[in-house]
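Have a look at the structure below, then the notes.
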Amino acid sequence: MNIQRIDIPFGISVEGERVSIPIILPHRNHCVITGAPGSGKSTLLKVIIDSVGRKYDKSQVAIWTDYYSHNYEKCPSDSIIEVCMPGMRHEERMIALFDRLNEEAQNRLATISRNRVSSYSQVDSLPLLIAVIDDLFPLDYSDRGRYTTDKLWHVLRMSHAVGISLICSCQLPLSRLNGISAATEHLFNVRIVLRTFRDSIFEALDASPSTASVELKEAIDNLSFGRPGEFLYYNRYESESFISGRVTP
């Protein structure tokens, strides 16, 4: 890849410092945003997409997303955004996006394998790919549901090697989504939680009420009654601390 780290600013902490999502290769950097309806998840995704568009060009970072087709908004930056599957129902778009991501991951892996014995110029020309998925939701236990979660697992497993990261939002913690195993859940190292039920905040942050610090419990209590856009942030790769803040453009 021609870029090994990007930082995506999305908010300000209560101390007044900028909070960013770091994506560092070769780590498996994936982010999940959890929050109740009306808590600001879709607004946060738009801030993330716009932030990438302002900081990076299409030779560095590309975005595949269902956000704009899902929200019926005009994409502001055609040069770096690929709007996937407009006109489909949301579930169909999500499945189609996973299919395309898996195909792209396989293509990138093949390119890298070929270039290990020749030139790295093609590998260097590949931009980091970020898939932004709005409203990941429980899949059923049908063949299609199992097929989709298998595709997601394959993409997540090889993502660090081929330069793909996922940023997903959902109303429920990942542990409550059908077909999402504990192994899959733990690949999402960056957690951003907006207003939702107190127990769901603990679960979404992968925190235990019995071992959480007094400060964390207080932050979770405040967030459960918070305003749209207020968040708790945690990245287990970079820090053991939790950051409270508010989403800002």
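A heavy-atom distance below 4.5 Å is not found between the side chains of Phe98 and Val155. At a threshold of 4.5 Å between non-hydrogen side-chain atoms, the residues Pro127 and Val61 do not count as touching. Side-chain contact between Leu45 and Lys41 is absent, with no heavy atoms from C-beta onward closer than 4.5 Å. For the pair Leu166/Leu152, a side-chain contact is recorded, criterion being any heavy-atom separation below 4.5 Å from C-beta on. Between Ser200 and Thr34, the closest side-chain pair of non-hydrogen atoms is not below 4.5 Å. Leu174 is not listed as a side-chain neighbour of Thr184, based on a closest heavy-atom distance of 4.5 Å or more. Put simply, the side chain of Arg236 reaches to within 4.5 Å of the side chain of His186, judged on heavy atoms. The shortest side-chain heavy-atom distance between Ile33 and Ile48 falls under the 4.5 Å cut-off.
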Could you go through residues 242-249 and list every donor-acceptor pair under 3.5 Å that involves a side-chain atom there, pairing it with any protein atom two or more places apart or in another chain?
| residue | atom | partner | partner atom | Å |
| --- | --- | --- | --- | --- |
| Arg246 | NH1 | Pro228 | O | 2.9 |
| Arg246 | NH2 | Pro228 | O | 3.2 |
| Thr248 | OG1 | Arg18 | NH1 | 3.1 |

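The hydrophobic clustering, which links ILVMFWY residues whose side-chain heavy atoms are closer than 4.5 Å, places Tyr56 and Ile24 apart. A continuous path of ILVMFWY side-chain contacts below 4.5 Å connects Ile164 to Leu109, so both sit in one hydrophobic cluster. In this structure, Trp153 is a member of the same hydrophobic cluster as Leu129, with clusters built from ILVMFWY side-chain heavy atoms closer than 4.5 Å. Under a hydrophobic-cluster definition in which Ile, Leu, Val, Met, Phe, Trp and Tyr are linked whenever side-chain heavy atoms come within less than 4.5 Å, directly or via other members, Val14 and Leu216 are assigned to different clusters.
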- Can you list the steps and then say if Asn29 with Ser165 is a side-chain hydrogen bond (donor to acceptor under 3.5 Å, both in side chains)? CA-CA 6 Å; Asn29 284 128; Ser165 289; 5.6 Å; no
Quiz prompt | Verdict with supporting geometry, Ile6 and Ile130, side chain to side chain contact (heavy atoms under 4.5 Å, CB included) | solution = CA-CA 11 Å; Ile6 71 168; Ile130 300 176; 3.6 Å; yes
- Output, in order, the C-alpha distance, side-chain angles, deciding distance and verdict of side chain to side chain contact (heavy atoms under 4.5 Å, CB included) for Val132 and Val52. CA-CA 11 Å; Val132 179; Val52 172; over 6 Å; no
Does the side chain to side chain contact (heavy atoms under 4.5 Å, CB included) test come out yes or no for His30 and Leu156, once each step is laid out? CA-CA 8 Å; His30 308 294; Leu156 291 172; 3.5 Å; yes
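In summary, Glu104 and Arg100 do not engage in a salt bridge, as defined by a charged side-chain N under 4.0 Å from a carboxylate O.
Rounded to the nearest 0.5 Å, atoms SG (Cys170) and CG (Asp134) are 10.5 Å apart. Note that CD1 of Ile63 is 5.5 Å distant from CD1 of Ile49, once rounded to the nearest 0.5 Å. Taken from CG in Asp135 to OG in Ser42, the straight-line distance is 7.0 Å, to the nearest 0.5 Å. Ser224 OG to Phe197 CZ: the interatomic distance, rounded to the nearest 0.5 Å, is 10.0 Å.
Every residue two or more places apart in sequence or in another chain was checked for a side-chain hydrogen bond (donor to acceptor under 3.5 Å, both in side chains) with Asn102, and none qualifies. Taking the side-chain hydrogen bond (donor to acceptor under 3.5 Å, both in side chains) definition, one finds that Ser39 meets it with nothing, sequence neighbours left out. Listed by chain and residue number, Ser59 satisfy the side-chain hydrogen bond (donor to acceptor under 3.5 Å, both in side chains) test with Asp57 (two or more places apart in sequence, or in another chain). In this view, Thr43 satisfies the side-chain hydrogen bond (donor to acceptor under 3.5 Å, both in side chains) rule with no residue, not counting sequence neighbours.
Within the 3.5 Å criterion, the main-chain N or O of Gly226 finds a donor-acceptor partner in the side chain of Arg195. Between the side chain of Lys55 and the main chain of Asp7, a donor-acceptor pair closer than 3.5 Å is present. Checking side-chain atoms of Tyr233 against main-chain N and O of Ser20 turns up a donor-acceptor pair under 3.5 Å.
Counting only residues at least two apart or in different chains, salt bridge (Lys or Arg N to Asp or Glu O under 4.0 Å) contacts with residues 220-229 comprise Arg198-Asp221, Arg227-Glu230.
By the neighbour-count criterion of 12 heavy atoms within 6.0 Å, atom CZ of Arg5 is densely surrounded, having more than that number from other residues, nucleotides or ligands.
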